[in-house]
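The model shown is predicted, which means the values in this text are computed figures rather than measured ones. Heads up: numbering here begins at 1 and tracks the sequence.
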Amino acid sequence: MVSPEAERTREAGDGPGTAGDGHGEDGRAEDVRPSPGSEGGGGGTLWRNNDFLRLWAGQALSQAGSQISYVVIPLVAVVTLGASATEMGVLGALVRLPMLGFLLFGVYVDRMRKRPVLIWTDLGRAVVLALVPLLYVMDSLTLGALYAVVFALSLLSVLFQVAYRSYFPSLVPLSHLAEGNGKLQLSESLAQTAGPGAASALLKVMAAPMLILIDVFSYLFSAAAVLLIRRPEARPEPDDETAGSVHRAIWAGFRWVMTQPMIRPLAIASGLYSFFVMGAMQSIYILFLLRGGPDLPPEWVGAVMATGGVGAILGATLSVRTMRRLGLGPTLLWSTVIGNCSLLLVPFASGSVWTAAVMLGASQFVVWACNQVFFVSNMTLVQSITPPRLQARVIGTIYSLGLIPAPLGALGAGLLGDAVGLRFAILVAVVAGAILPILLLVFSPIPGTKEIPTGPRE
């Protein structure tokens, strides 16, 4: 499925000493990774790379905590604070509005060491999230305060994602990219399963705002894990061409994405998916489950969403195998077709509570299974052909094209849901968000491309 939000994380690779220290004679980072499919660059195994294991462990726990917050924060807005459809649309827009910063953050992250950025953004997110349970205990939690928290949290997360995704390629040989992406996605999939399920269980014994403390501690653990990484990070090589102009630097990343025949349709399709599904549908999704027709009990919401985690585990497990068996292009296309079409189950979920829950759970399962397969193929492609000096800007461009439309979609869905009903609003979002990206990929070079094209490693 074409989902920029699902284009997350990259990694793998041999530890220091197996493929050189990554520095040239002048102390600047150089690209020492072998070409895709080669066995050079250190061979070895990811299980012996202690830095990889530290980073992986920190992210695995952080992702589990974030999945709990993903369920709990909308429930706090709806159940604790009584938010309406329009107010949920505003909340969804504020979560996504900081995504406008991806382009700008990409420019500056390309000019700095990434590891300190990861540590400080994790610490910042822990402090911001801790305000929710604190205000709740003080009986001062309001919808306005929740708006401020989710906006600040999203802003820090944008900065984290740009640094995170551009940090991995400096540690990883190309021959391990697909394997590393698969491993990271598997841990994220496990988090998507355990997090919502744990949230559903804990909601029976603990107030929703207090559950957010779990995510607070997960961010602190992640910061500590990154702090323990021993591999030195070289100072980024100056880009003399764009050093004096932010606009020229942004344009360099955007121009690179738009001139790549494989990357361009994926980025544009992600923008369409972002507006209609990530923005419009997801901003009112939980409200739809509770009040839009399925009328699920609040404790069932996490259970339905946990089925997506089960599908994601399957997809992450089979992702590399699927890409090798079908080829890169067919994997990208068919994971999009199957995943997007399964979204059509959502607006038609009806009948008894059990029947509606089964339909919604089936949709979550298939969507997330295809999501993981798509992600591993997509990120391996991007990592393989992007020049190191453009990594953060390309990541920023792809995120911006894929996520900037989401706030507009979220606001539109809230207004449409209040005007014509939640079910019809969901139906419009799903039909447009599923079909348009599929058509874009079908009429592109992607279906006929079996092998990973490699660009110049500048």
Side-chain angles (χ1 to χ4, degrees), residues 5 7-13 15-16 21-23 27-29 46 49-70 98-99 101-102 104-132 134 149-172 180-181 183-184 187-188 191 195 212-237 379 383 388 391-393 395-396 399:
E5 207 163 62
E7 288 184 53
R8 280 184 232 161
T9 59
R10 60 237 244 121
E11 90 174 65
D21 65 0
H23 299 169
R28 293 174 179 172
L46 297 178
N49 184 335
N50 290 330
D51 284 341
F52 172 85
L53 296 178
R54 292 183 184 105
L55 186 58
W56 191 10
Q59 284 306 296
L61 187 60
S62 176
Q63 289 161 356
S66 295
Q67 285 300 315
I68 291 177
S69 291
Y70 180 72
M99 296 170 188
F102 271 117
L104 186 62
F105 288 158
V107 172
Y108 289 106
V109 169
D110 263 340
R111 300 174 180 176
M112 64 180 68
R113 290 185 174 93
K114 281 74 174 176
R115 183 167 161 265
V117 177
L118 300 180
I119 294 170
W120 286 108
T121 50
D122 268 339
L123 293 175
R125 290 188 290 182
V127 170
V128 167
L129 265 182
L131 293 174
V132 175
L134 178 63
V149 166
V150 298
F151 180 81
L153 180 67
S154 182
L155 190 66
L156 290 169
S157 295
V158 167
L159 181 57
F160 179 90
Q161 286 296 329
V162 172
Y164 181 49
R165 295 195 179 205
S166 55
Y167 180 55
F168 282 120
S170 67
L171 304 176
V172 180
N181 284 327
K183 290 183 184 299
L184 263 192
S187 66
E188 183 171 336
I212 291 175
L213 284 173
I214 296 174
D215 201 12
V216 171
F217 288 117
S218 76
Y219 282 130
L220 294 175
F221 181 87
S222 176
V226 176
L227 186 63
L228 292 174
I229 291 176
R230 296 179 179 178
R231 179 166 184 150
E233 183 182 1
R235 180 175 299 174
E237 183 176 352
M379 288 310 301
Q383 292 165 347
Q391 283 284 346
R393 277 171 285 176
I395 292 299
Y399 259 112

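- Taken from OG in S222 to CG in L227, the straight-line distance is 11.0 Å, to the nearest 0.5 Å.
- Annotation: side chain to side chain donor-acceptor pair (under 3.5 Å) contacts of S69 (sequence neighbours excluded): D215.
- Residue G124 comes nearest to L156 through the heavy atom pair C-CD1, 3.5 Å, listed as atom of the first residue, atom of the second, then distance.
- The shortest distance between side-chain heavy atoms of D122 and R125 falls below 4.5 Å.
- When every heavy atom of A163 is checked against every heavy atom of V117, the shortest pair comes out as CB-CG1, 3.7 Å.
- The salt bridge (Lys or Arg N to Asp or Glu O under 4.0 Å) test applied to R115 returns no partner, not counting sequence neighbours.
- With a 4.5 Å cut-off on side-chain heavy atoms, L118 and F160 count as touching.
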Show the numbers, then the answer: is there a side-chain contact (heavy atoms from CB on, under 4.5 Å) between S187 and Q63? CA-CA 8 Å; S187 66; Q63 289 161 356; 3.7 Å; yes
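- Between atom CG of residue L131 and atom CD1 of residue I212 there is a gap of 10.5 Å, rounded to the nearest 0.5 Å.
- Y219 and T121 are not linked by any side-chain donor-acceptor pair at a separation below 3.5 angstrom, with hydrogens and angles left out of the test.
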V226/Y167 under side-chain contact (heavy atoms from CB on, under 4.5 Å): CA gap, chis, key distance, verdict: CA-CA 11 Å; V226 176; Y167 180 55; 5.5 Å; no
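- The two residues V128 and V149 make their nearest non-hydrogen contact at CG1-O, 3.5 Å.
- Partners of S154 by side chain to side chain donor-acceptor pair (under 3.5 Å), not counting sequence neighbours: none found.
- Counting all heavy atoms, side chain and backbone alike, V216 lies closest to L129 at CG2-CB, 3.7 Å.
- Nearest heavy-atom pair, L123 versus A223, reported as atom, atom and distance to 0.1 Å: CD2-CB, 3.9 Å.
- Between atom CG of residue L220 and atom CG of residue L61 there is a gap of 10.0 Å, rounded to the nearest 0.5 Å.
- Contact between R113 and E233 at its shortest, heavy atoms only, is NE-O, 2.8 Å.
- The backbone N or O of R230 sits less than 3.5 Å from a side-chain atom of D51, completing a donor-acceptor pair.
- Under the 3.5 Å distance criterion, the side-chain polar atoms of S62 are left unmatched by any main-chain donor or acceptor of G58.
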